[in-house]
Each structure stands twice: as C-alpha cells, then as structure tokens.
Amino acid sequence: MKIAIDTGGSRGLGKSMALCLAAKGRDVILTYNSKKAEAEEVVAAIETQGRRAVALQLDVSSSASFGTFAAAVKDILKQIWDRDTFDFLVNNAGIGIHAPLTETTEEQFDRLMNIHFKSVLFLTQALLPIMADGGRIVNISSGLTRFSFPGYGAYASMKGAVEVLSRYMAKELGPRNIAVKVIAPGAIETDFGGGVVRDNAGLNSSIASQTALGRVGLPDDIGGAVAALLSDENGWVNGQRIEVSGGISL
C-alpha cells in the first residue's frame, strides 16, 4: 500500500489526480487552501473506492507554514496508517494570473513565484525527512514552457524554473532512490485562470484546432498521466519532462 500527498487536491487537476491515484490503489493525503467542503467531498469519493484519504489545509504561498504542515502529516501517518513515512509527492497546487509582461506587477510576480516555484523547493525539503526511500516526486509544470501565449510570461517562467529544479532534485535525491519527474499539461478545461479555456468557446476551438488530437484536454487526461507515472511500471522514469497536451503546437 502506497500513500501519496497531492497538493491542491480539492478541485481541478488536483482532484482528478487524487481520484485517479485512488483508482490505482493508492491512499491519498490531499491539501486545500480554502475549499474545505470540496476537499472533504474528494475524500468521500476516494473512500467509496475503498481507499483511505485525509484532507489537510495548506497555503503553499506561505513557506513559513511548511514545518507545521510536515508535523501534521507525520501525526496523520501514524494515526491513520500506523506508518512513519509516505511514498509519493505531487506538487500540483497553483493559480493562474494572466497579464502581459508590460503590465505584470511585482505583487503578481511574487505571488506566482511563492506558489509555483518557492513552494516546490521548500515544501519538498520539509517533507523529505518523512518520505520513504524509493519514493517518487511529480512536479507539475506547463506546456507554456515550450510554446508561448502572450499574457503568461511570468507564470510560464516559474514553471520553467520548476523544470530545472526537478532535474537537480532527481540528481541529488538519487542516492535515496527517489525519482523525480515533471508533467507539463497543455490547455485543460478546468476553472483554472477563471475557467477561460473551459468557458470561452472561441478560445477552446482555437486551441483544439492547434492540437493533433483535435480537442482541448480534460482533467482526467492529466490525473491519469500522474497516476500512471506513479505506477510500479514507471519507476525507472526519472529527471524527465513529459508533456501531456494531445500534441499542441507540434
């Protein structure tokens, strides 16, 4: 039995990841920032699959809280699973800010950096003492690190930093047999960024026309990919960026 921590697991891609992991036989500790009721609904859905799950509050923009969160995880592991360690970490939590570089504010930049880049390093650092040797980390990036859409320059830059960081993680954590991978989603129909890809029919159609498989992605396209990467068969994949976009802008 393996246990995964999935940040931002109350909605969108994180919710799909949690449910797909449970379908693969994994137990899940999912985090939420403010959507407690939604997180508890995900926990209940996982439990209907016969797996165990817990929702813990975490604001990934506040690195000062990571030590307290790690202590809470340690307590939950002992109480629920009678274990001292967990196996998988999915650094998924994030926000979308759309602004041209000429209009991006320092406040927006710092918020993106704290949530999308700083948290990946320092939350992982805080949790490594209670991660099992032989565990795995999946960091979520974006297709926007390869192709460019105006208005996402700051966001994509943080994700590019995550991709570099992930290679260093893979190198430095190798002695513990911990593998690190990156999944880079393309455009997905969620409420991310105000639901623009989901709700703007013109944009949705435009993206679909640029995608080899002829449609925009759905949450389970990404959740399923994360669960597959954390399956026993994919333990040898390490230090790699895997784009899950249906073949956009090829």
Side-chain angles (χ1 to χ4, degrees), residues 3-22 26-47 52-77 80 86 88-99 105-127 130-131 137-142 152 154-156 158-159 161-162 165 183 185 188-199 219 222-223 226:
I3 303 168
I5 295 177
D6 171 28
T7 67
S10 64
R11 60 186 180 85
L13 297 186
K15 175 181 178 179
S16 176
M17 293 169 196
L19 295 173
C20 288
L21 283 165
R26 311 310 192 188
D27 289 352
V28 182
I29 298 171
L30 61 98
T31 79
Y32 65 93
N33 183 15
S34 59
K35 308 284 189 181
K36 182 176 181 179
E38 293 182 15
E40 294 294 350
E41 289 175 4
V42 179
V43 167
I46 290 171
E47 290 174 342
R52 286 180 286 187
V54 175
L56 295 177
Q57 196 278 331
L58 175 67
D59 177 2
V60 297
S61 73
S62 175
S63 59
S65 69
F66 294 168
T68 301
F69 175 74
V73 170
K74 187 174 182 179
D75 289 343
I76 285 292
L77 287 169
I80 304 297
F86 70 97
F88 306 136
L89 172 61
V90 183
N91 284 307
N92 163 74
I95 61 168
I97 292 178
H98 181 272
T105 66
E106 190 170 355
E107 180 183 5
Q108 288 173 324
F109 182 95
D110 288 345
R111 182 159 172 75
L112 286 167
M113 182 182 67
N114 288 339
I115 291 173
H116 287 284
F117 180 47
K118 186 177 179 179
S119 74
V120 175
L121 196 166
F122 290 103
L123 181 60
T124 301
Q125 184 186 83
L127 291 172
I130 54 173
M131 174 176 269
I137 299 169
V138 174
N139 295 325
I140 306 304
S141 179
S142 171
Y152 291 101
Y155 169 85
M158 304 309 164
K159 293 301 193 179
V162 166
L165 176 64
I183 276 190
I188 309 293
E189 292 185 0
T190 69
D191 59 1
F192 188 79
V196 61
V197 173
R198 180 193 61 201
D199 301 334
I222 308 304
V226 169

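Counting begins at 1 with the first residue of the sequence.
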Give a yes or no answer on whether the side chain of [X] reaches the backbone of [Y] with a donor-acceptor pair at less than 3.5 Å.
X: D59; Y: N33; result: no
X: K118; Y: V60; result: no
X: T31; Y: G8; result: yes
X: R11; Y: E38; result: no
X: T7; Y: A93; result: yes
X: N92; Y: D6; result: no
X: H116; Y: G96; result: no

Interatomic spacing from [atom1] in [X] to [atom2] in [Y] - rounded to 0.5 Å:
X: S63; Y: Q125; atom1: OG; atom2: CD; answer: 10.0 Å
X: F109; Y: I97; atom1: CZ; atom2: CD1; answer: 11.5 Å
X: I5; Y: L123; atom1: CD1; atom2: CG; answer: 7.5 Å
X: Q57; Y: Y32; atom1: CD; atom2: OH; answer: 5.5 Å
X: I115; Y: S62; atom1: CD1; atom2: OG; answer: 10.5 Å
X: E41; Y: I46; atom1: CD; atom2: CD1; answer: 12.5 Å

Looking at every heavy atom in both [X] and [Y], which two are closest together, and how far apart are they?
X: G12; Y: P219; value: O-CB, 4.3 Å
X: L165; Y: F117; value: CD2-CE1, 3.9 Å
X: I29; Y: V73; value: CD1-CG1, 4.2 Å
X: A99; Y: Q108; value: CB-OE1, 3.9 Å
X: A18; Y: V42; value: CB-CG1, 4.1 Å
X: C20; Y: G223; value: CB-O, 3.5 Å

Step through the shown structure and confirm whether more than 12 heavy atoms of other residues, nucleotides or ligands are within 6.0 Å of CZ on R111.
no
Would you say K159 has more than 12 foreign heavy atoms packed within less than 6.0 Å of its NZ?
yes
Does some side-chain heavy atom of V226 sit less than 4.5 Å from a side-chain heavy atom of I140?
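I140 vs V226: side chains touch.
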Verdict with supporting geometry, L127 and F69, side-chain contact (heavy atoms from CB on, under 4.5 Å):
CA-CA 9 Å; L127 291 172; F69 175 74; 4.2 Å; yes
Give the C-alpha distance, both sets of side-chain angles, the deciding distance and a yes or no for side-chain contact (heavy atoms from CB on, under 4.5 Å) between L56 and L58.
CA-CA 6 Å; L56 295 177; L58 175 67; over 6 Å; no
Under the rule for side chain to side chain contact (heavy atoms under 4.5 Å, CB included), what residues qualify as partners of K74, not counting sequence neighbours?
I130
